[in-house]
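First the proteins, then the strands, lettered A, B, ... as listed; each starts at 1.
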Amino acid sequence: MRVTIRLFAVLRDLAQIAELQLDLAERTPVSNAIETLATRYPRLQPMLSRSAAAINRAYAKPDDELHDGDELALIPPVSGGC
Amino acid sequence: MRVTIRLFAVLRDLAQIAELQLDLAERTPVSNAIETLATRYPRLQPMLSRSAAAINRAYAKPDDELHDGDELALIPPVSGGC
Amino acid sequence: MLNSSGDFIALVPNALKIDAAMVHLVDEHIGGVNIFLGLTRGEKNAAGQALLALDYEAYAEMALHQLHDVAKRARAQWSIVKLVIWHRTGRVAVGEPSVLIAVASPHRAEAFAACRFIIDTLKAEAAIWKKEVWADGTHTWVGGG
Amino acid sequence: MLNSSGDFIALVPNALKIDAAMVHLVDEHIGGVNIFLGLTRGEKNAAGQALLALDYEAYAEMALHQLHDVAKRARAQWSIVKLVIWHRTGRVAVGEPSVLIAVASPHRAEAFAACRFIIDTLKAEAAIWKKEVWADGTHTWVGGG
């Protein structure tokens with residue numbers, strides 16, 4: 001299956017890419033997808049451990065499973081407001 | 001001695017006067033001045049018992065003493081703000 | 001109207017304009033601004049009459065002194081960069097503001113707390129009164145029954 | 001931009017104008033309005049460089065969904081007549097607002113409480129990030145070290 005990965009803020013700057021596709025086994029958990037991403041972009045490693053994840057625009061847990069066509073966003077510590 | 005009395009809001013409407021002078025004995029307490037006022041304007045009586053007093057623009061107690069030239073204001077329940 | 005802290009405190013006989021207050025809230029140390037507007041809310045009395053407006057009256061010399069004192073007490077408790085306290089006098093129609101308080105602070109918690117303190121204290125203490133003006137021409141002093 | 005409750009919620013790429021928000025806060029059931037503005041506050045970093053601006057970035061689809069959800073949670077807790085939540089994207093210079101929240105309620109306590117809840121929740125949860133832009137051309141993501 002194919003999942004869209006979205007990177008924001010410091011993660012995008014570190015990876016120098018905002019969006020990519022990952023081909024993963026059906027029902028891969030979020031944590032495994034993040035490991036795959038960290039292997040491909042080693043510079044993300046330190047920040048990924050401090051980031052949350054969202055599947056299709058809602059916060060997700062590490063063992064939530066991904067499905068074909070999902071959008072997995074990595075959410076570094078948020079700092080909106082002021 | 002002579003004291004200026006100021007009436008506001010419902011008190012002014014009841015007395016149909018905003019300001020008057022009272023000639024009182026030196027060091028008359030606020031409570032006595034209010035009694036004198038109530039005698040002269042009986043319609044004020046019910047509201048006076050629910051009103052505060054201010055001498056020269058600062059809240060005063062019933063036994064505070066008045067001096068020549070003081071301004072004694074009667075302050076019905078306040079309702080500013082919104 | 002500015003006191004020694006630069007606070008803009010006034011009793012105002014005409015419409016309160018929020019952008020006129022914003023002009024005063026300029027300083028690079030400001031991180032959060034909290035603004036409270038109190039408006040005349042539409043309602044009906046026991047006789048079914050609609051409220052048209054509130055007529056505000058102040059013992060101006062005392063009320064201004066009190067508002068400056070409230071500002072001083074707020075500044076003693078919270079970090080405040082800029083402060084506006086405006087209160088209407090005269091007729092304030094339904095939907096129009098009778099009071100505008102704006103507190104600009106380095107951080108938001110201070111701005112919220114000081115703004116709330118100022119409106120609560122103003123309502124409890126300031127020598128200001130309002131009269132309800134009803135659609136049938138009658139009027140009633142609030143708290144004057 | 002209006003949801004089914006009539007809330008005006010938006011991510012805004014250009015300057016936030018308070019009078020544009022006020023236009024939305026008209027209803028005769030409003031008795032109190034509480035407004036919070038968050039501004040870029042001037043500061044210096046460890047290298048002595050002055051902050052010029054904050055650059056805001058949002059995961060727009062998620063952040064908008066979150067802001068509507070915050071509005072819904074606020075409406076479940078407090079009586080709210082009108083509600084505005086605007087957040088900037090892009091560059092916000094020192095002294096300029098990055099966020100504007102306005103809550104119009106029948107009574108002031110509700111407006112204050114809901115406004116505070118919304119800014120606190122937004123800061124803790126919304127998928128929005130800021131980058132500090134310093135006078136020497138360097139920049140740092142807040143929380144990204």
Apply the test side-chain hydrogen bond (donor to acceptor under 3.5 Å, both in side chains) to residues W134(D) and T140(D): give CA-CA distance (whole Å), side-chain angles for both, the deciding distance (0.1 Å), then the verdict.
CA-CA 8 Å; W134(D) 303 100; T140(D) 40; 3.0 Å; yes

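- Residue-environment remark: CZ (R73(D)) exceeds the threshold of 12 foreign heavy atoms within 6.0 Å.
- Heavy atoms of A9(A) lying under 4.5 Å from chain D belong to its backbone as well as its side chain.
- Of the atoms belonging to L39(D), it is backbone heavy atoms, and not side-chain ones, that fall under 4.5 Å from chain A.
- Between T40(D) and the choices V94(D), V133(D), L52(D), the side-chain contact (heavy atoms from CB on, under 4.5 Å) rule is met once, by V94(D).
- Looking at E57(D), only its side chain comes within 4.5 Å of chain A, counting heavy atoms on both sides.
- Contact count versus chain A (heavy atoms, under 4.5 Å) is highest, among A58(D), G144(D), G38(D), for G144(D).
- Proximity to chain A (any heavy atom under 4.5 Å) is shown, for A63(D), by neither the backbone nor the side chain.
- Aromatic pair W129(D)/Y59(D): centroids not less than 6.0 angstrom apart.
- Between chain A and the options V142(D), I101(D), L37(D), D55(D), heavy-atom pairs under 4.5 Å are most frequent for V142(D).
- The existence of a salt bridge linking D69(D) and K72(D) is excluded, since no basic side-chain nitrogen approaches an acidic carboxylate oxygen closer than 4.0 Å.
- Of the residues considered (H65(D), K131(D), K130(D)), K130(D) shows the highest number of contacts with chain A, using heavy-atom pairs under 4.5 Å.
- Of all the listed residues (S51(A), P77(A), A58(A)), the one sharing the greatest number of non-hydrogen pairs under 4.5 Å with chain D is P77(A).
- By the 4.5 Å heavy-atom criterion applied to side chains, C82(A) and S98(D) are counted as neighbours.
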